[in-house]
Each structure stands twice: as C-alpha cells, then as structure tokens.
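Only one structure is covered here, and it is reproduced in the block below.
Worth saying up front: this structure is predicted, and the values here are computed from it rather than measured. Ligands are counted one by one from 1 in listed order, and the atoms in each one are counted from 1 as well.
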Amino acid sequence: MAAAAQLATPHPATAMQKIVILGATSGIALEVERQLALRGCELLLVARSPQRLAELRADLLVRGAQQALTYSANLASIQQHAALFDFIRGAFADFDTVLLAYGSMHNQKDSETSVDVLLEELQVNFVSAAAILNWFAVDLERRGTGCLAAITSVAGDRGRRSNYVYGSAKGGLSLFLQGLRSRLYPAGVRVITIKPGPVQTPMTDDLPNAARFADPEQVARDIVRALERRSPDVLYTPKIWRYIMTAVQQIPESIFKRLSF
Ligand SMILES: NC(=O)c1ccc[n+]([C@@H]2O[C@H](COP(=O)([O-])OP(=O)(O)OC[C@H]3O[C@@H](n4cnc5c(N)ncnc54)[C@H](OP(=O)(O)O)[C@@H]3O)[C@@H](O)[C@H]2O)c1
C-alpha cells in the first residue's frame with residue numbers, strides 16, 4: 001500500500017489551455033498550432049521573424065485561438081532568454097504547457113569540414129534548448145504543475161554515419177529531458193520527449209524521398225494528444241518509429257559501424 005502511494009501521481013494533470021510554442025514557425029509547430037487554435041487555446045508564439053509571427057497570429061485567431069501573443073527572438077542565442085522570460089512573467093505568467101519545436105539540420109558534410117557549422121548545430125539543437133527549458137522548468141517546478149515537451153528526433157537514438165552531428169545534439173536533448181522528467185516528477189510537472197521520424201516540412205524538402213515522409217498534420221495530432229494527456233513520457237511519431245528504432249538499437253556496433261546510411 002505504501003509503495004503504491006509512493007508511485008501515485010503527486011498532482012493530477014490539469015487542462016491544457018495556455019501554451020508557449022518555442023519555434024512557432026516550424027512546419028510541425030504550425031500544424032500543432034492550428035489544432036490548438038481549433039480547441040480555443042491561448043497561445044504565446046515565439047520565433048525569429050516578426051512578420052511571419054504577425055501573419056501566423058492573424059491566421060490562428062481566425063481559426064479559433066482565444067489569444068495569440070507573439071514574441072520575436074532568436075532562441076539559439078542564450079543571451080535573449082532572460083528577456084523572453086521577463087515578457088512571459090508579465091503577459092503569460094500562468095502558462096500550463098510548453099512545446100519546444102525549433103531546430104536545424106545542416107548537411108552533415110558541412111559539419112565535417114567546418115567546426116563553426118558543427119558548433120552551431122549543437123548550439124541550436126542542444127545547448128540553447130537545454131538552457132531555455134531550464135527557465136521553464138524552474139518556473140513550473142515552483143508552481144507544481146504543467147507540462148514541458150520538446151521535439152528531439154529518432155536521429156538521436158543512434159549515431160549514424162550520415163547524420164551524427166544533428167543526431168548527437170538531439171540524443172543529448174533526449175537525455176537532458178529524461179533527467180528533467182525525473183527531477184520534475186515529484187513536483188507534478190510532466191516532461192514529454194517527442195521523437196518524430198522523417199516528416200514533410202521545409203527541413204526535409206531537399207532530401208531524397210521527401211514525398212514519402214510523414215504528414216505533419218498526423219504528427220501534430222499525435223503531439224496534441226500527448227500534450228492534452230501529459231503522456232506518454234516518450235512519444236514516437238508516427239508510432240511505427242518506436243518499433244523501427246527498437247530494432248535499430250539491437251544491431252551490434254560491429255555491424256552498425258559498417259552501414260552507410
Ligand atoms: N522534419 C523532420 O523530418 C523532423 C524529424 C525529426 C525531428 N524534427 C525536429 O522537429 C522540429 C521542428 O522541425 P520542422 O521539421 O518543423 O522544421 P522547419 O519547418 O525547418 O522548422 C525549423 C524551426 O526552427 C527554427 N530555426 C532553424 N534554425 C534556427 C536557428 N539557427 N536559430 C533559431 N531558430 C532556428 C526555424 O525558424 P525560422 O522559421 O525563423 O527559420 C523554424 O521555426 C525540429 O526540432 C526538428 O529538428 C524534424
């Protein structure tokens with residue numbers, strides 16, 4: 001009985017209503033926002049381009065969003081995080097959900113020949129993401145409620161020859177989220193790691209076979225359901241990627257290192 005009580009959820013999940021989207025102009029985030037707008041949610045949209053944010057805001061209000069605030073920042077720049085959080089404290093202090101969606105995927109070959117590209121890839125996808133998530137973690141932990149979700153990638157589950165710089169940044173972020181989930185669990189804050197397989201967005205436009213990649217609307221449906229339920233801890237989307245990556249992780253290193261993909 002005592003053990004069962006210890007395992008019980010410390011605080012029940014509350015309804016999702018006020019959501020912060022970091023990287024609001026991403027192809028996947030756009031679809032998530034449309035579905036959240038249909039539910040009448042209140043949104044704070046953070047992205048680099050003020051013009052794209054203004055257009056997005058107008059569109060989401062028409063689609064049913066109850067509120068759509070915008071904030072322009074380059075989240076890869078850690079120096080800009082404190083000002084964003086000041087804005088949130090003033091205008092959106094009682095947010096309940098955060099989705100981190102920004103990221104970049106350079107051609108791996110460029111990172112092999114330029115340390116600047118390599119460091120930028122790590123900065124955008126891991127270092128800055130961990131830094132901004134920590135601001136939200138501290139706030140939600142203090143309030144004892146909420147949900148933090150971030151999009152990593154199946155590329156972070158195994159270091160592949162053709163994509164290991166991006167993959168290591170996403171793998172690092174997945175590990176960070178795993179630890180954060182455990183840290184915030186006693187406070188009643190949920191942390192969701194979102195691992196999409198390849199999705200049709202501007203990020204993958206130039207890749208071969210892009211037309212066969214997942215539909216962002218389907219991926220967004222999975223993400224919105226997870227945000228609503230504050231579960232699962234780790235979401236593979238589309239679901240088949242859970243099984244694919246389980247199989248990929250079983251391949252012995254002695255064989256994996258010879259594979260050219
Ligand atoms: N598409 C896929 O196949 C796939 C698969 C697995 C995981 N993911 C992940 O899913 C998330 C969303 O990606 P997406 O497919 O929707 O890609 P996307 O449409 O290319 O969006 C990328 C987003 O990241 C922002 N961004 C890019 N470089 C940045 C930089 N240097 N500094 C700050 N912001 C930057 C972009 O902002 P701007 O609009 O200002 O350019 C945009 O909001 C990313 O984390 C990505 O790694 C994607």
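Contact atoms of ligand 1 toward Thr204: 1 (N), 2 (C), 3 (O) (distance under 4.0 Å to a heavy atom of the residue). The Arg52 neighbourhood of ligand 1 comprises atoms 39 (O), with distances under 4.0 Å to a heavy atom of that residue. Close approach of ligand 1 to Ala76 is summarised as follows: ligand atoms under 4.0 Å from at least one heavy atom of the residue are 32 (N). Residue-ligand proximity, Lys170 to ligand 1, at heavy-atom distances under 4.0 Å covers atoms 44 (C), 45 (O), 46 (C), 47 (O). Numbered from 1 in the order shown, with element, the atoms of ligand 1 that lie under 4.0 Å from a heavy atom of Pro198 read 3 (O). Every atom of ligand 1 with a heavy atom of Gly197 under 4.0 Å away is listed here by number and element: 3 (O), 5 (C), 6 (C). Every atom of ligand 1 with a heavy atom of Tyr166 under 4.0 Å away is listed here by number and element: 7 (C), 8 (N), 9 (C), 46 (C), 47 (O). Counting atoms of ligand 1 from 1 in the listed order, those under 4.0 Å from a heavy atom of Ser104 are 28 (N).
The protein heavy-atom contact nearest to atom 22 (C) of ligand 1 is Gly103 O, 3.4 Å. Nearest to atom 30 (C) of ligand 1 among the protein's heavy atoms is Arg48 NH1, 3.3 Å. Among all non-hydrogen protein atoms, the one lying nearest atom 13 (O) of ligand 1 is Met203 CE, 3.9 Å. Scanning the protein heavy atoms around atom 23 (C) of ligand 1, the nearest turns out to be Ser26 CB, 3.5 Å. Closest to atom 9 (C) of ligand 1 among all protein heavy atoms lies Ile151 CG2, 3.6 Å.
Ala47 does not count as a contact of ligand 1, since none of its heavy atoms falls under 4.0 Å from the ligand.
Counting heavy atoms closer than 4.0 Å to ligand 1, residue Thr152 contributes backbone atoms (N, CA, C, O) but none from C-beta onward. Of all the heavy atoms of Gln200, none lies under 4.0 Å from any atom of ligand 1, so neither backbone nor side chain is involved. Proximity of Thr201 to ligand 1, defined as any heavy-atom pair under 4.0 Å, is confined to the side chain (atoms from C-beta onward). Under 4.0 Å from ligand 1, not a single heavy atom of Phe213 appears. For Val124, every heavy-atom contact with ligand 1 shorter than 4.0 Å involves the side chain, none the backbone. The proximity of Ala101 to ligand 1, defined as any non-hydrogen pair under 4.0 Å, is limited to the backbone.
Comment: Glu253 does not engage Lys257 in a salt bridge, judged by the lack of any side-chain N to carboxylate O separation of less than 4.0 angstrom. A salt bridge is absent between Glu55 and Arg52: the closest approach of a Lys/Arg side-chain nitrogen to an acidic carboxylate oxygen does not fall below 4.0 angstrom.
With values rounded to the nearest 0.5 angstrom, Ile194 atom CD1 is found 8.5 Å from Thr152 atom OG1. Taken from CZ in Arg230 to CG in Leu148, the straight-line distance is 10.0 Å, to the nearest 0.5 Å. A distance of 8.0 Å separates CE in Met245 from NZ in Lys195, rounded to the nearest 0.5 Å.
Closest heavy-atom approach to atom 32 (N) of ligand 1 among the candidates Asn74, Thr25, Leu100: Asn74. The nearest non-hydrogen atom to atom 19 (O) of ligand 1, considering only Ser128, Ser49, Gly27, comes from Gly27.
Scored by the ring pair (Phe, Tyr, Trp, His ring centres under 6.0 Å) test, Phe95 finds Phe136 as partners (sequence neighbours excluded).
For ligand 1, one of its N or O atoms has an N or O atom of Tyr102 under 3.5 Å away.
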